[in-house]
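One structure below.
No experiment lies behind these values; they were computed from the predicted model shown. Counting starts at 1 for both ligands and their atoms, in listed order.
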Amino acid sequence: MTLSTEERRESARSLLRAADHAEPIPMLTERFPELGVDDAQAIQDELLALLRERGQRVAGYKMGLTSRAKMEQVGVDQPLWGFLTDASARADGAAIEVATLIHPRVEPEVAFVMHDALAGPDCSEEAVLAATAYLVPALEIIDSRYKDFRFDLSSVIADNTSAALFVVGRNHRDPHRPTPVELGRAPVRLWRNGELAEEATTAAVLGHPARSVAALVAALHGRGAELPAGAVVLTGAATAAVPAAAGDHFEAEIGDLGRVSARFV
Ligand code: OOG
Ligand code: MG
């Protein structure tokens with residue numbers, strides 16, 4: 001690590017202030033050019049500690065940059081992960097106030113809800129599916145705390161991988177139906193105000209969304225942690241993210257997992 005404890009704490013506080021006031025800040029590597037991935041992860045941990053002080057708890061995790069479309073959109077070509085808190089969950093169809101966000105974007109994602117905990121360095125796709133309670137379509141609303149939604153790897157990890165809000169659908173699907181093969185090539189569609197905005201298949205997500213969960217389990221293992229039972233896991237957008245403005249209505253459909261929507265006010 002290259003930053004002092006106080007510098008890491010202050011970085012986390014500045015990210016939280018940016019989110020609280022919906023005011024972007026310069027990316028952290030502008031202030032600390034030597035900021036490495038370890039520092040960034042420690043800042044993300046610090047951010048979680050601050051949210052825990054507010055009474056929030058971890059509801060699950062999100063993988064990000066698991067598809068080419070997303071990597072190309074932001075110019076960072078490495079999967080990453082962050083945490084989701086209970087306070088960031090919104091109901092299917094929820095109205096989201098754009099004034100509380102900086103420059104929100106919407107992503108269609110396959111979400112897994114875990115029945116059993118998973119741990120270890122080489123969790124398989126089969127183990128992921130066996131430990132899954134259900135699959136559900138989700139919208140992730142990302143909102144970089146950095147100006148112009150621009151960042152590098154360390155800055156975006158520190159910023160909890162742009163996590164802001166997430167919406168899961170009402171339709172809970174048995175993980176064994178559709179079969180894992182179907183889940184690996186299901187169409188993903190995202191509509192904005194009734195017009196198709198983005199389209200891909202779930203194969204865009206590391207070849208199969210269950211691989212994204214397996215990668216998360218390996219990443220957590222690297223930190224001496226496990227994926228707990230009951231956790232929600234967003235596996236990463238299959239398509240590029242779409243900017244949202246007041247008045248917009250977004251709806252996603254993922255194969256036969258069903259639909260999920262949100263509107264912005
Ligand atoms: C980083 C988070 C990416 C995804 O689904 O790929 C992400 C960003 O693009 O701001 O959540
Ligand atoms: Mg995402």
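Ligand-side atoms of ligand 1 in range of K62: 2 (C), 7 (C), 11 (O), range being under 4.0 angstrom from any heavy atom. Set against the non-hydrogen atoms of A237, the atoms of ligand 1 under 4.0 Å away are 4 (C), 5 (O), 6 (O). Residue F149 has at least one heavy-atom neighbour below 4.0 Å for each of these atoms of ligand 1: 10 (O). Under a 4.0 Å criterion applied to the non-hydrogen atoms of K70, ligand 1 contributes the atoms 3 (C), 4 (C), 6 (O), 8 (C), 9 (O). Close approach to G236 involves these atoms of ligand 1, each under 4.0 Å from a residue heavy atom: 5 (O).
The aromatic rings of H103 and F149 are tilted relative to each other, their planes meeting at an angle between 30° and 60°.
Protein heavy atom closest to atom 2 (C) of ligand 1, with residue, atom name and distance, is T161 O, 3.2 Å.
Between the OE1 atom of E140 and the OE2 atom of E109, the angle taken at the Mg ion (ligand 2) works out to 100° after rounding to 10°.
Salt-bridge annotation for E107 and K70: present, with a side-chain N of the basic residue lying under 4.0 Å from a carboxylate O of the acidic one.
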*Do E195 and R192 pass the salt bridge (charged side-chain N to carboxylate O under 4.0 Å, His left out) test, and can you show the C-alpha distance, the side-chain angles, and the key distance before you say yes or no?*
CA-CA 5 Å; E195 271 181 39; R192 182 174 157 271; over 6 Å; no
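Without hydrogens or angle criteria, E109 side chain to G236 main chain gives a donor-acceptor distance under 3.5 Å. In this structure a side-chain-to-backbone donor-acceptor pair under 3.5 Å is missing from S154 to T29.
Assignment of E109 to the shell around ligand 1 is supported, since a heavy atom sits closer than 4.0 Å.
The proximity of L65 to ligand 1, defined as any non-hydrogen pair under 4.0 Å, involves the side chain as well as the backbone.
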